[in-house]
Amino acid sequence: LVNYYQPKVSVATGAVIGVETLVRWQHVTDGLVFPNQFITVAESNGLINELTRLVLLNAFTQAKLWQQSGMELRVAVNVSMDNLASLDFQDLVVDLATQVGISPHKIVLEVTESQLMRDMRVSLEILTRLRLKRFHLSIDDFGTGHSSLAQLRDIPFDELKIDQGFVHQAWRDDTLRVIYDASLALAKQLNMETVAEGVEDRQDWDFLRQTGCDLAQGNFISKPLLASEFEDWIKYWQRRVKTDLIVDQID
Ligand code: C2E
Ligand code: CA
Ligand code: CA
């Protein structure tokens, strides 16, 4: 398993605020295999806890390395609903963070309802406890069937990610735009940070700049990168922000 990292940047300033960890499987003969091809398999074979443990350990270790080299990045990890089936998961996350020496407020746990939840109470309990320990919680794919308003009612999320389906080309599609605006307004009223996913081109970026969304993520900013590619990308990105992307920079 290899962790890739995709940047999340501030829409207002271009500052790199964090990364989302996206796992790939380096297969001997097939090359890089994408998570859509193995996450559900891992879930249905009881392997998802072990997979998430490895992804978390890699991500925390990397976050620590970045911190030691002077980069303050929040690192997000995708958590499967299946991980939230047993209270052990909470201890696992807390123990790993302690072991690596990374503080919980630098960690974001992104949650989607990948499948129907069997015992909602246990999941709520785990998420609430992690939140009390100061881990950040993010509701992923907002607006799709993978996330629901009921989750917003029940779980104290810090961040809402507007699904890419409502971001890319929202600038020219009235229906997308209405859903995008409504999601943003909802998040603001619930005091959550907003992330627009699937920012694919300049028009998407310019659209976000007009709407007051906090963070942006997508291939226009950067595709998911290996940790080793990250420092070079930051330099490139900072130059691009100054010369091209943020024209009306204050100070
Ligand atoms: P996600 O959490 O919604 O992650 C965003 C997906 O969109 C990623 O696909 C990313 O590579 C892709 N993406 C990024 N920028 C753009 C863009 O500009 N346009 C478009 N169309 N797509 C973009 P990826 O890496 O294939 O991951 C797919 C899904 O697999 C993720 O969706 C997430 O739900 C799941 N996943 C990834 N890593 C993990 C993991 O470690 N654990 C678990 N449980 N699930 C994971
Ligand atoms: Ca995610
Ligand atoms: Ca998503």
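These values consider heavy atoms only, across backbone and side chains, with no hydrogens, waters or symmetry-generated copies. This one's a predicted model, so the numbers in the text were calculated from it and none came from an experiment. When a ligand or atom number is given, it counts from 1 through the structure's own listing order.
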Practice prompt. Specify whether the nearest protein heavy atom to atom 2 (O) of ligand 1 is under 4.0 angstrom away.
Written response: yes
Worksheet item: To which protein heavy atom is atom 15 (N) of ligand 1 closest, and what is the distance rounded to 0.1 Å?
Response: Q6 NE2, 3.0 Å
Item to complete: Grab the two heavy atoms, one from A59 and one from T21, that are nearest each other, plus how far apart they are.
Response: CB-OG1, 3.7 Å
Fill in: 4.0 Å heavy-atom contact, T52 with ligand 1
no
Item to complete: Work out which heavy atom in N3 is nearest to a heavy atom in V23; give both atom names and the distance.
Response: OD1-CG2, 4.3 Å
Worksheet entry | salt bridge (Lys or Arg N to Asp or Glu O under 4.0 Å) between E125 and R121, intermediate numbers included | CA-CA 6 Å; E125 176 82 27; R121 273 175 321 158; over 6 Å; no
Fill in: ligand 1 atoms in contact with G198 (distance to a heavy atom under 4.0 Å)
17 (C), 18 (O)
Worksheet item: Looking only at distance, does V23 have an N or O less than 3.5 Å from an N or O of ligand 1?
Response: yes
Worksheet item: Of all the atoms in ligand 1, which lie at a distance below 4.0 Å from a heavy atom belonging to V55?
Response: 41 (O)
Worksheet entry | Verdict with reasoning, S138 to E159, per side chain to side chain donor-acceptor pair (under 3.5 Å) | CA-CA 4 Å; S138 169; E159 175 184 283; 2.8 Å; yes
Worksheet item: Strictly under 4.0 Å, does any heavy atom of K223 approach an atom of ligand 1?
Response: no
Worksheet, complete the sentence: Closest to the Ca ion (ligand 2), among the N/O/S atoms of E110, is atom OE1
Worksheet entry | Whether E43 lies under 4.0 Å from ligand 1, heavy atom | no
Response to the item:
Per-atom filter on ligand 1: closer than 4.0 angstrom to a heavy atom of E197 are 3 (O)
Worksheet item: Which protein non-hydrogen atom lies closest to atom 46 (C) of ligand 1, naming both residue and atom, and how far is it?
Response: N78 CB, 3.7 Å
Practice prompt. Could you state whether F220 and L225 fall into the same hydrophobic cluster, counting links through intermediate Ile, Leu, Val, Met, Phe, Trp or Tyr residues with side-chain heavy atoms under 4.5 angstrom apart?
Written response: yes
Worksheet entry | Closest approach of any protein heavy atom to atom 36 (N) of ligand 1, naming residue and atom | P35 CB, 3.9 Å
Worksheet entry | Numbering as shown, the atoms of ligand 1 that approach S80 to under 4.0 Å (heavy-atom distance) | 44 (N)
Item to complete: Evaluate salt bridge (Lys or Arg N to Asp or Glu O under 4.0 Å) for D214 paired with K188, printing each intermediate quantity in order.
Response: CA-CA 10 Å; D214 299 308; K188 295 271 169 203; 3.3 Å; yes
Discussion item. Considering non-hydrogen atoms of the protein only, which is the closest contact for atom 43 (C) of ligand 1, and what is the distance?
Written reply: I39 CD1, 3.6 Å
Item to complete: Please identify which atoms of ligand 1 are closer than 4.0 Å to at least one heavy atom of G218.
Response: 15 (N), 18 (O)
Response to the item:
For R177 and A170, the nearest pair of non-hydrogen atoms, with its separation, is CB-O, 3.5 Å
Item to complete: Just need the protein heavy atom nearest to atom 31 (C) of ligand 1, so name the residue and atom and give the distance.
Response: L22 CD2, 4.3 Å
Item to complete: For the pair K8 and E193, evaluate salt bridge (Lys or Arg N to Asp or Glu O under 4.0 Å) and give the outcome as yes or no after the intermediate values.
Response: CA-CA 12 Å; K8 292 179 177 177; E193 264 194 309; over 6 Å; no
Worksheet entry | Of all N/O/S atoms in E20, the name of the one nearest the Ca ion (ligand 2) | OE2
Worksheet item: Does ligand 1 have an atom that lies less than 4.0 angstrom from a heavy atom of E20?
Response: yes
Worksheet, complete the sentence: Numbered in order shown, the ligand 1 atoms found under 4.0 Å of a heavy atom of V199 are 18 (O)
Worksheet item: Do ligand 1 and E110 have nitrogen or oxygen atoms that lie under 3.5 Å from each other?
Response: no
Worksheet entry | Closest contact, heavy atoms only, W233 versus I221 | NE1-O, 3.2 Å
Response to the item:
Residue, atom and distance of the protein heavy atom nearest atom 29 (C) of ligand 1 read N36 OD1, 3.6 Å
Worksheet item: Hey, which of E197, E20, Q164 is the one that makes side-chain hydrogen bond (donor to acceptor under 3.5 Å, both in side chains) with Q217?
Response: E20
Worksheet item: Taking the side chain from D204 and the backbone from Q169, do they hold a donor-acceptor pair closer than 3.5 Å?
Response: yes
Response to the item:
Tested for ring-ring contact (aromatic ring centres under 6.0 Å, His included) against F230, the lone hit among Y5, Y4, W66 is W66
Worksheet, complete the sentence: closest protein heavy atom to atom 22 (N) of ligand 1 is Q164 OE1, 3.4 Å
Discussion item. Looking at R240, is its backbone amide N or carbonyl O close enough to the side chain of D244 to form a donor-acceptor pair, meaning the two atoms are under 3.5 Å apart?
Written reply: no
Item to complete: For T98 and V94, work out which heavy atoms get closest and say how close.
Response: OG1-O, 2.7 Å
Worksheet item: What atoms in ligand 1 come closer than 4.0 Å to a heavy atom of P224?
Response: 11 (O)
Worksheet item: Of all N, O or S atoms in D140, which has the smallest distance to the Ca ion (ligand 3)?
Response: OD1
Worksheet item: Can you name the one residue among V55, L54, L56 that meets side chain to side chain contact (heavy atoms under 4.5 Å, CB included) with T52?
Response: L56
Response to the item:
Note: H168, heavy atoms under 4.0 Å from ligand 1, region reported as neither
Worksheet item: Has N78 got an N/O/S atom less than 3.0 Å from the Ca ion (ligand 2)?
Response: yes
Discussion item. Using a 3.5 Å cut-off on N or O atoms only, is D140 in polar contact with ligand 1?
Written reply: yes
Worksheet entry | Under 3.5 Å: N/O of N219 near N/O of ligand 1 | yes
Discussion item. Protein non-hydrogen atoms only, distance under 4.0 Å: does atom 9 (O) of ligand 1 have such a neighbour?
Written reply: no
Item to complete: Under 4.0 Å from a heavy atom of D141: give me the atoms of ligand 1 that qualify, with their elements.
Response: 3 (O)
Practice prompt. Classify the angle between the aromatic ring planes of W25 and F38 as parallel (below 30°), tilted (30 to 60°) or perpendicular (above 60°).
Written response: perpendicular
Discussion item. If you compare all heavy atoms of V9 against all heavy atoms of G14, which two are closest, and at what distance to 0.1 Å?
Written reply: CB-O, 3.9 Å
Discussion item. Among the N, O or S atoms of D141, which one sits nearest to the Ca ion (ligand 3)?
Written reply: OD1
Discussion item. Can you tell me which residue among Q210, R202, R209 is in a side-chain hydrogen bond (donor to acceptor under 3.5 Å, both in side chains) with D206?
Written reply: R202
Fill in: Heavy atom of the protein closest to atom 19 (N) of ligand 1 (residue, atom name, distance)
E200 OE2, 2.6 Å
